[in-house]
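For this chain, numbers begin at 1 and follow the sequence in order. Since the structure is predicted, the reported quantities are computational estimates derived from the model, not experimental observations.
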Amino acid sequence: MNGLAIALVLLASAQSGDTRVGSRLDPATRKVANADTSGSDATLYRFVECAVARREVKVKAAIDARNEAAYQKALDSLSDVQRCAASAYVAEDASVLTVTSDRGTMRGFIGEAFVKKEPKRAAGLAPLPLQRTYVRDWYEITGRARPIDEMATCVADTNPGGIVALLKTRIGSSDEKAAVSALAPSLGQCLATGYKLNTNRLGLRTALAEALYHRAFDPAPAAGAAQ
């Protein structure tokens with residue numbers, strides 16, 4: 001299962017001091033569509049970040065999972081995240097927001113949120129020598145093409161600072177585009193021979209974010225780093 005739908009309970013500013021008047025429907029109990037879908041990726045990231053802040057252990061279990069059963073069980077922690085301020089992202093009177101995401105994006109956003117929550121862990125990583133191959137036991141659960149995860153792992157090893165710089169940019173921004181361009185040499189040397197990189201910027205960002213997360217928070221055993 002690569003798709004995911006999440007219902008997020010929001011803490012909207014319009015709810016403060018709200019009272020029921022006549023037959024008026026209470027905003028706290030009605031569902032409204034997101035008024036602006038142009039920032040849906042940034043909106044989803046915001047709520048993943050909120051979930052990490054409020055349910056850190058449970059959300060971490062999702063990205064650390066190595067099998068489908070453990071992954072699906074951990075995803076329950078993202079299904080009813082409450083008290084997340086959202087007025088800057090969705091309509092002010094929204095009380096429930098439903099978002100959908102593919103697995104790779106969701107995992108990458110979780111990774112990015114942890115990297116930003118403890119920035120010193122990623123900032124302190126030194127570049128490692130380029131290895132001939134990269135094998136990790138989390139590849140099978142990401143939903144991505146294996147060469148993408150291998151490339152992302154290689155970049156996280158050889159140029160972690162470049163990924164850190166990318167994750168400091170706003171999703172979909174011109175700064176993000178510039179950061180991806182700056183990573184081009186690392187992407188080129190890490191991409192498997194004969195494989196054509198066919199992913200958008202968000203797909204690349206989230207793959208790199210997950211790889212950096214694993215290096216900083218969930219590193220491979222030393223013996224398996226250069227299989």
Side-chain angles (χ1 to χ4, degrees), residues 45 48-49 51-53 55-67 70-71 74-75 77 101-169 171 176 179-193 195 197 199 201-227:
Y45 173 73
V48 170
E49 191 175 50
V52 168
R55 300 176 181 177
E56 179 177 348
V57 174
K58 291 182 178 180
V59 180
K60 192 174 187 300
I63 196 170
D64 287 348
R66 298 305 201 262
N67 61 73
Y71 179 70
L75 284 184
S77 63
S101 172
D102 64 89
R103 178 174 298 196
T105 297
M106 178 59 66
R107 291 177 62 87
F109 280 166
I110 293 173
E112 179 171 343
F114 274 105
V115 168
K116 289 178 176 176
K117 188 173 187 294
E118 298 184 45
K120 291 183 179 179
R121 294 185 68 157
L125 295 173
L128 298 175
L130 181 69
Q131 302 294 326
R132 186 173 60 85
T133 59
Y134 291 85
V135 179
R136 299 292 186 271
D137 61 359
W138 49 267
Y139 290 167
E140 299 302 323
I141 200 72
T142 68
R144 302 186 192 95
R146 188 182 180 101
I148 296 295
D149 283 329
E150 291 174 346
M151 178 194 68
T153 302
C154 171
V155 177
D157 270 13
T158 60
N159 187 7
I163 302 179
V164 170
L166 171 62
L167 299 186
K168 288 180 179 178
T169 67
I171 295 170
E176 180 190 61
V180 169
S181 295
L183 278 168
S186 293
L187 298 174
Q189 76 169 359
C190 286
L191 190 62
T193 302
Y195 186 83
L197 185 60
T199 187
R201 265 195 282 156
L202 182 65
L204 185 59
R205 179 189 183 114
T206 52
L208 292 169
E210 177 166 4
L212 186 63
Y213 163 83
H214 285 294
R215 185 178 171 197
F217 292 84
D218 179 36
Q227 291 183 31

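Applying the side chain to side chain contact (heavy atoms under 4.5 Å, CB included) rule to Ala65 yields the partners Ala70, Tyr71; only residues at least two apart in sequence or on another chain are considered. In this view, Lys168 satisfies the salt bridge (Lys or Arg N to Asp or Glu O under 4.0 Å) rule with no residue, not counting sequence neighbours. Looking at residues two or more places apart in sequence or on another chain, you find a side chain to side chain donor-acceptor pair (under 3.5 Å) between Asp149 and Thr142, Arg144. Tyr45 pairs by the ring-ring contact (aromatic ring centres under 6.0 Å, His included) definition with Phe109, not counting sequence neighbours. Remark: Gln189 pairs with no residue by the side chain to side chain donor-acceptor pair (under 3.5 Å) rule, at least two apart or across chains. Residues meeting the side chain to side chain donor-acceptor pair (under 3.5 Å) test with Asp218, sequence neighbours left out: Arg66, His214. With sequence neighbours left out, Lys58 forms a salt bridge (Lys or Arg N to Asp or Glu O under 4.0 Å) with no residue at all. Annotation: side chain to side chain donor-acceptor pair (under 3.5 Å) contacts of Glu118 (sequence neighbours excluded): none. Glu176 is linked by a salt bridge (Lys or Arg N to Asp or Glu O under 4.0 Å) to Arg201, Arg205, counting only residues two or more places apart in sequence or in another chain.
Contact of the Val135 side chain with the Arg146 side chain is registered, since non-hydrogen atoms from C-beta on lie closer than 4.5 Å. Looking only at side-chain heavy atoms (C-beta outward), Thr158 and Pro127 stay at 4.5 Å or farther from each other. Taking the side chain as every heavy atom from C-beta outward, Asn67 and Ile141 never approach each other to under 4.5 Å. Looking at Phe114 and Val59, their side chains come closer than 4.5 Å, going by heavy atoms from C-beta outward. In this structure, the side chains of Arg121 and Val115 stay at 4.5 Å or more apart for every pair of heavy atoms.
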Exercise. Can you list the steps and then say if Glu56 with Lys60 is a salt bridge (charged side-chain N to carboxylate O under 4.0 Å, His left out)?
Worked result: CA-CA 6 Å; Glu56 179 177 348; Lys60 192 174 187 300; over 6 Å; no

For this session: I would like to know whether Leu197 and Thr199 meet side chain to side chain contact (heavy atoms under 4.5 Å, CB included); could you show each step before the answer?
Result: CA-CA 6 Å; Leu197 185 60; Thr199 187; 3.8 Å; yes

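Remark: the backbone N or O of Ser101 is not paired with any side-chain donor or acceptor of Thr105 at under 3.5 angstrom. Looking only at distances, a side-chain donor or acceptor of Arg215 sits under 3.5 Å from a matching main-chain atom of Ala156.
The minimum heavy-atom distance linking Leu166 with Thr169 is given by the pair O-OG1, 2.6 Å. Closest of all the heavy-atom pairs between Ala62 and Leu75 is CB-CD2, 4.4 Å. The two residues Ile163 and Leu183 make their nearest non-hydrogen contact at N-CD2, 4.1 Å. Among all heavy-atom pairs drawn from Leu208 and Ala152, the shortest one is CD2-CA, 3.8 Å. Pairing each heavy atom of Ala209 with each of Gly108, the nearest pair is CB-O, 3.5 Å. Closest non-hydrogen pair, Ala61 versus Ala74, comes out as C-CB, 3.7 Å.
Interatomic distance, Tyr134 OH to Glu150 CD, rounded to the nearest 0.5 Å: 10.5 Å. Note that CZ of Arg132 and SG of Cys154 are 13.0 Å apart. Values are rounded to the nearest 0.5 Å. Distance check: Tyr213 OH to Ile110 CD1 gives 9.0 Å after rounding to the nearest 0.5 Å. One distance of note links CD of Glu112 with OG1 of Thr206; it measures 9.0 Å at 0.5 Å rounding. How far CG of Leu212 is from OG1 of Thr153: 10.5 Å, rounded to the nearest 0.5 Å. In this structure, CG in Leu191 is found 12.0 Å from OG in Ser186, a value given to the nearest 0.5 Å.
A salt bridge does not link Lys117 with Glu49: every distance from a Lys NZ or Arg NE/NH1/NH2 to an Asp or Glu carboxylate oxygen is 4.0 Å or more.
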